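Notes for the one structure printed next.
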Amino acid sequence: MSTTPPRVLTIAGSDSGGGAGIQADLRTFFACGAHGMTAVTAVTVQNSLGVRGVSVLPADVVAAQIEAVAEDIGVQAAKTGMLATAEIIAAVAKACDKVHIGRDGEVPFVVDPVAASMHGDQLLRDDALDALRTELFPRATLVTPNLDEVRLLTGITVRDRAGAREAARALFALGPRWALVKGGHLHDDPECVDLLYDGSTFLELPAARVDTKHTHGGGDTMASSITTALARGMDVPAAVRFGKTFVTRSVQHAYPLGGGVGPVSPLWRVRPISDI
Ligand code: PXL
């Protein structure tokens with residue numbers, strides 16, 4: 001017998017191609033030494049070329065998964081990914097309140113406001129954006145939008161580092177304790193600078209841009225590694241620094257897959273079988 005590792009929960013959609021969504025979250029949790037649990041929201045029919053279909057689960061089934069694992073196994077930190085509909089968002093908010101996940105409960109809660117895939121496939125219905133803003137953001141310990149999601153959520157188009165500050169202020173005004181604006185989509189910037197804001201102090205986190213098109217699941221991997229660090233008791237700036245390093249290394253180890261976009265890979269943390 002050994003010690004039970006930190007238990008972390010992802011509330012997210014399945015990517016049949018194994019690169020993003022709950023599959024990315026689980027492999028990141030594992031690579032960071034945590035026990036991963038899932039509340040599945042939707043099943044995407046997907047490969048490296050894009051999303052062919054989406055089947056959304058009933059909102060009460062999503063809530064029941066959260067409650068089942070929280071009541072028995074316990075959750076040290078949780079994150080959200082693809083939530084698909086306003087009904088699911090409302091059910092997640094209610095279930096999280098019940099089991100004390102989120103801002104006024106004891107359990108750190110990372111809200112990654114996934115809206116679309118890299119191919120532009122919609123993963124969140126239009127009418128769900130408002131639910132994300134009003135029901136989940138005020139419960140979040142940390143929100144982690146990319147620049148496309150920033151534009152959808154705040155109306156601000158970020159073009160430079162000053163714009164990122166304006167966006168961080170607007171996100172913070174929606175109620176999370178911390179907002180992280182991820183600069184990876186500013187393709188003209190030779191660095192990927194993320195900006196963390198707690199309502200008073202800005203923390204810039206730069207990393208060199210990696211020259212690869214294989215970045216599927218990058219946002220999920222970053223949010224999951226941050227969530228695991230929070231479960232281990234790190235504070236938010238330390239957890240975000242860890243997540244930034246973890247995702248940068250995972251992008252450096254991204255690999256081609258199928259005919260399209262390959263995934264970032266946390267496999268750099270795992271020893272090959274021959275090393276046993
Ligand atoms: O990387 C965002 C994301 C999250 N969840 C699911 C996805 C994607 C991107 O494709 O398919 C299920």
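Everything numeric here is computed off the predicted structure, so don't read it as measured data. Position 1 is the first residue of the sequence; numbering continues from there. Numbering of ligands and ligand atoms starts at 1, following listing order.
Within ligand 1, the atoms closer than 4.0 Å to a non-hydrogen atom of Ser14 are 12 (C), numbered from 1 in the order shown. Atoms of ligand 1 lying under 4.0 Å from at least one heavy atom of Ser117, given by number and element, are 9 (C), 10 (O).
Assignment of Gly218 to the shell around ligand 1 is not supported, since no heavy atom sits closer than 4.0 Å.
Heavy-atom proximity to atom 5 (N) of ligand 1, evaluated over Gly21, Ala20, Ala24, is greatest for Gly21.
Counting heavy atoms closer than 4.0 Å to ligand 1, residue Met118 contributes nothing at all. Counting heavy atoms closer than 4.0 Å to ligand 1, residue Ile22 contributes nothing at all. Here His216 has side-chain heavy atoms under 4.0 Å from ligand 1, and that is the only part of it that gets that close.
Using a 4.0 Å cut-off between a side-chain N of Lys or Arg and a carboxylate O of Asp or Glu, Asp97 and Arg139 qualify as a salt bridge. A salt bridge links Lys79 with Asp25; the closest basic N to acidic carboxylate O contact falls under 4.0 Å. For Arg159 and Asp188, the salt-bridge test fails: no basic side-chain N is under 4.0 Å from an acidic carboxylate O. Ion pairing of Lys94 with Glu67 is absent here, as no side-chain N (NZ or NE/NH1/NH2) approaches a carboxylate O to less than 4.0 Å. A salt bridge links Lys244 with Asp194: at least one charged nitrogen is closer than 4.0 Å to a carboxylate oxygen.
Hydrophobic clustering (ILVMFWY, side-chain heavy atoms < 4.5 Å, transitive): Phe30 and Leu9 are in distinct clusters.
Judged by a 6.0 Å distance limit and a 45° cone about the ring axis, Arg165 is not positioned over the six-membered ring of Tyr197.
The protein atom (non-hydrogen) at minimum distance from atom 11 (O) of ligand 1 is Gln46 NE2, 2.8 Å. Of all protein heavy atoms, the one closest to atom 12 (C) of ligand 1 is Gly13 O, 3.5 Å. Of the protein's heavy atoms, Asp220 OD1, 2.6 Å lies nearest to atom 1 (O) of ligand 1. In terms of protein heavy-atom proximity, atom 8 (C) of ligand 1 is closest to Leu123 CD1, 3.5 Å.
More than 12 non-hydrogen atoms from other residues, nucleotides or ligands lie less than 6.0 angstrom from CG of Asp275.
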